Each structure stands twice: as C-alpha cells, then as structure tokens.
Amino acid sequence: MNSIECDVLIAGGGPTGVTLAILLAQQGVSVLVAEKEAAIYPLPRAAHLDHETMRILQAAGVADAVAATSRTTDRYDFLTADGQVLLRFEGTARTGPGGWPGANMIHQPSVEEALRARLAELPKARLESCWDVQSFAEGASGITATIATPQGEQQVRARYLVGADGARSPVRKASGIAFEDLNFEEPWLVVDVLVDDPSRLPDVNLQICDPARPTTCVLMGQGRHRWEFMILPGETPEQVSSDAFVDKLLEPWNVKGAVRLERKAVYTFRARIAQQWRKGRVLLAGDAAHQTPPFAGQGMCSGLRDAMNLAWKLAAVVRGAPDSLLDTYKQEREPNLRATIDMAVMMGRTVCITSRWGAFVRNMKFKLARALGKLPDGPVDYPPVSGGAILTGTSGAGSYFPQPVIKGQRLDAVLGEGPWLLDRDRLGAADLAPFRQALETWFDKHEVQAVLVRPDRHVFGTGSREALEGSWRALLAAG
C-alpha cells in the first residue's frame, strides 16, 4: 500500500480543522484534512462569531464572505419572566479591537462553505471527504495513520496529527486523554427557523430567565432565527421534539406565519476541558479539546482561537523551531478558555434556575448589583497570554494587539500575516499613514519604542528593535 506524506494530518473537516489547514497551508506547510462525512452538515449549529474570530477568518481569507451573510445586533439582554432587565450587554454591533463587529450572527454551513472554497485554492492543502481515521501510531519522526476511504484503506505519514474531530473525538480517545468535568450539564431543545417576516421577531439577542421554562432567543445568519428551550425534569427528548410541543413553545412569541421550522434537536450543554491538549505528536483542537455552554456564544470562537494559536507554532516547528514550542499551546490557550467557560457557566446558571424562590433571589441580587453599578456592561475581557511564547516582563507582552480600521481599510491587510516588528520610525511609512494615530496611541499607552506582534496578533514583547529581533530568533532557533 502506498502512503501519502504530509507535514500535518488533521482529523476533522469542521471550522476548526479547515481554518487550521488554511493557516498552515498559507505558510507553506503541507496539510491533509481527513473528514469522515461526505459533505458539510447542511443545518445550522454555531450562531455567533466575535470580533477576534472574524479577524482570524480575515487571516484565512474568508471574512468578507462570512460578513456578507451574517447579521449584527446592538444588545444581548437577560430578562425576567415579566420582561425586566437583569443584565444587558450593549454596543455588540460596534467594531471591537479585532477590527470587526463585536457580535456577528452567522449561518454555520455558509461559513464552512467559504472556508472549504478557500482551502481548495491552496496547493499545499487538500481535504478528503469520507475519510475516517481508524488508527495511528507514533514513531521517532512522525505519525502513521490508517484511514478508511471509499477506495479502501489508506496510510498517511505526517509529522503531526491534530484531532479536530469534535466532542466525541476518536483521536482524543485513542490517545487516552480524559476530560476534566467542570460540573455544568443541562439538556436543551434547539429550534431553528427560516424567517419570512422579520418585523415580527426580536432584533436583539435574549435570554429569558423564566423559572417556568428558561429560554434563549437569538438572531442567526440572514433569514434565520433560533430559540433554545431548557428541557424540564420529567420531559423526554422525544416529547419536546414533537411538532405539537414545538408549536406550543413558540406560541407566546406570536410568530405563527412569520417563520418556518428548519431544524429541531436536543443538545446537552456541557463544560469540559481535556486534561492534555498535546501527547507527543498528537494535538487536540476545538470541541475535541474543550466544550463550553453556548450562553456566551464562544463555542466555535474558541476552536478558531485554537487554530490561530496552533497554526504559527506548528508552521515554525515544521521549519525547524524546537518541538517544545508546541508545549506553549495549551499553556497559553487554557487560561483564556477557562475564562470563556467561567463566563458561559455564570450566564447559564443565571438562566437555568427553575425554582421560583431561587429566581426571586437571583432577580433581587441582580437588581441590587445593577443599582450599585456592579454588573458588567459588556462581554468579558479575556485574560492576556501570561506565559509561554512571550517576552515576559516587557510592557504589553501577551496582550491582544488591536486592528485599527480607517475608512474601511484594516491594518492586517497592510502588514500581512506577520510576525510584525513595528517601531516608532516605521509608523511614519506611507502605507501606515492612515493608522499612525491609532498605533501611536498604543505605543504611548505602553511607553515603548518597538513591539513585536506574533502571527496570532498577540504581543510577543516590547523594547528595542534589536532586542526583539534577537529574542524572536532565539525562540524559533533549532535546539
């Protein structure tokens, strides 16, 4: 049997796996994506991307296509059963530090179509459908995987294997990696609809904190809307999924004739993190590495952040950087991911109260906190990278470097994939003239002369140009 050789084999052709493949191939890394399904799952799943993850899609060359079918909304409200505001996140349509709107409501199949179209343009990448990774073995120089294909068994030899194969991840299980359970598990019914009369639907995202039936109501990509209903004790998935039951759940929203049912499915919302994200030459990404409840809209976002962090490190190692650079992947991503899950679980526990007394106490606490100005007024600020592949001790190291947008022009489009080494003299260059004021503001805030920004748009470090160049070379130097 002839074997295929590549630098990186990715198990799973969902958004995380394909984004990672694109980012690697753009850097000259040869990638094979093995996807066990025949085609993109045609119905909606994820509903939201934030400004940072739209910037990642920008790096992958598909952000404009995704934006063309997405919608924005100005607010995310948590309401009591009688419509009083418990918690409100405003300004979610405003441009965030990543250079895109803070909340982009999407149609996941459209996002995946754009990603696969981009992947097909790259000579270093290929995606094979109906290819199911059956087993793999690690040797001194790489991984040998056996894959079931429509043409029979196929062997693939790769330097690294990335399991981006979902929550049930066969790659994770075969690697003997267990989950840490973060003690959140709630079954919900998800109802997706096609919208014929948008004027009869809410134009903001809502969490209805009603103890009789906690409910989510959110926008999606163009022409779609979603409700999620908590399944109560004693109810079965079969019962709540019946058309009659769904009609009854939607009745209070007065949308009969305005929407058509597209999908209904029961999901168990969980919070879990894999205890290892790397085991030898095997790495995990996306739902294979972690699962977060959907209340903060960060499930797909977290997988794309994994791809962005891992891509530049894998590419550097393929080019000769020390293999130990890959150990910084979990070190850097896990604190951010735990903050994401903490926020989602906090939101979920706020919503998922089914005791009337418990709801009353919650409502009083939120009203008092609101009166005292103690509630957050926007999405959580995730922690910067605090250790790993950064120059610790320098101002701004590990922080997220913003992307100014001036008259429709974005900074990344001018500077390219990165890494970037910017100093105050460089800010006077003609191509950076539109961004000079915004960049000088950042330099002044951190009181620095130069900054080195990693390809994932986090700050490696600040200082003199010469010192930064030397430190970056040392990080990537072969051992």
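What's counted below: heavy atoms across the whole structure, side chains too, no hydrogens, waters or symmetry copies. None of the values given here were measured: they were computed from a predicted structure.
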Checklist entry - Can you tell me if R457 uses its side chain to pair, donor with acceptor, with the backbone of Q403 under 3.5 Å? => result no
Checklist entry - Would you say the side-chain atoms of R71 pair up with the backbone N or O of R224, donor to acceptor, closer than 3.5 Å? => result yes
Checklist outcome for this item: Of all heavy-atom pairs linking R454 and V459, the shortest is CG-C, 4.5 Å
Checklist entry - Is there a donor-acceptor pair closer than 3.5 Å between any side-chain N or O of R270 and the backbone N or O of D181? => result no
Please tabulate, one pair per line, all N/O donor-acceptor pairs under 3.5 Å involving side-chain atoms of residues 96-109, not counting sequence neighbours.
| from | atom 1 | to | atom 2 | distance (Å) |
| --- | --- | --- | --- | --- |
| W100 | NE1 | Q58 | OE1 | 2.9 |
| N104 | ND2 | L49 | O | 3.0 |
| N104 | ND2 | P101 | O | 2.9 |
| H107 | ND1 | S110 | OG | 2.7 |
| Q108 | OE1 | A46 | N | 2.7 |
| Q108 | NE2 | E112 | OE2 | 2.8 |

Next on the checklist: Donor-acceptor pair, distance only, cut-off 3.5 Å: does the side chain of S471 make one with the backbone of L468?
Outcome noted: no
Item to check | Qualifying residue for ring-ring contact (aromatic ring centres under 6.0 Å, His included) with W188, from F295, W227, F229, Y267 | outcome: F295
Next on the checklist: Donor-acceptor check, side chain of S129 to backbone of E35, threshold 3.5 angstrom: yes or no?
Outcome noted: no
Item to check | Candidate pair T441 and D444, rule side chain to side chain donor-acceptor pair (under 3.5 Å), full reasoning | outcome: CA-CA 5 Å; T441 298; D444 292 343; 5.7 Å; no
Checklist entry - Does the Q222 side chain pair with the main chain of A68, one donor and one acceptor, at a distance under 3.5 Å? => result yes
Next on the checklist: Keeping D423 on the side-chain end and S464 on the backbone end, is there a donor-acceptor pair under 3.5 Å?
Outcome noted: no
Checklist entry - Got a second to check how far E52's CD is from C301's SG, nearest 0.5 Å? => result 9.0 Å
Next on the checklist: Regarding R118 and E121, does a basic nitrogen lie under 4.0 Å from an acidic carboxylate oxygen?
Outcome noted: yes
Checklist entry - Angle class for the W277/H290 ring planes (parallel below 30°, perpendicular above 60°, tilted otherwise)? => result tilted
Return a table of donor-acceptor pairs under 3.5 angstrom between the side chains of residues 14-24 and protein atoms on other chains or two or more places apart.
| from | atom 1 | to | atom 2 | distance (Å) |
| --- | --- | --- | --- | --- |
| T19 | OG1 | P15 | O | 2.7 |

Checklist entry - Could D192 and R45 be called an ion pair, given the rule that one side-chain N must be under 4.0 Å from one carboxylate O? => result no
Next on the checklist: Between T394 (side chain only) and T462 (backbone N and O only), is there a donor and an acceptor less than 3.5 Å apart?
Outcome noted: yes
Checklist entry - Rounded to the nearest 0.5 Å, how far does CZ of R370 lie from CG of L86? => result 8.0 Å
Checklist entry - Within the distance-only criterion (no hydrogens, no angle test), does the side chain of D77 pair as donor or acceptor with the backbone N or O of L79 below 3.5 angstrom? => result no
Item to check | N309 side-chain N/O to R305 backbone N/O, donor-acceptor pair under 3.5 Å | outcome: no
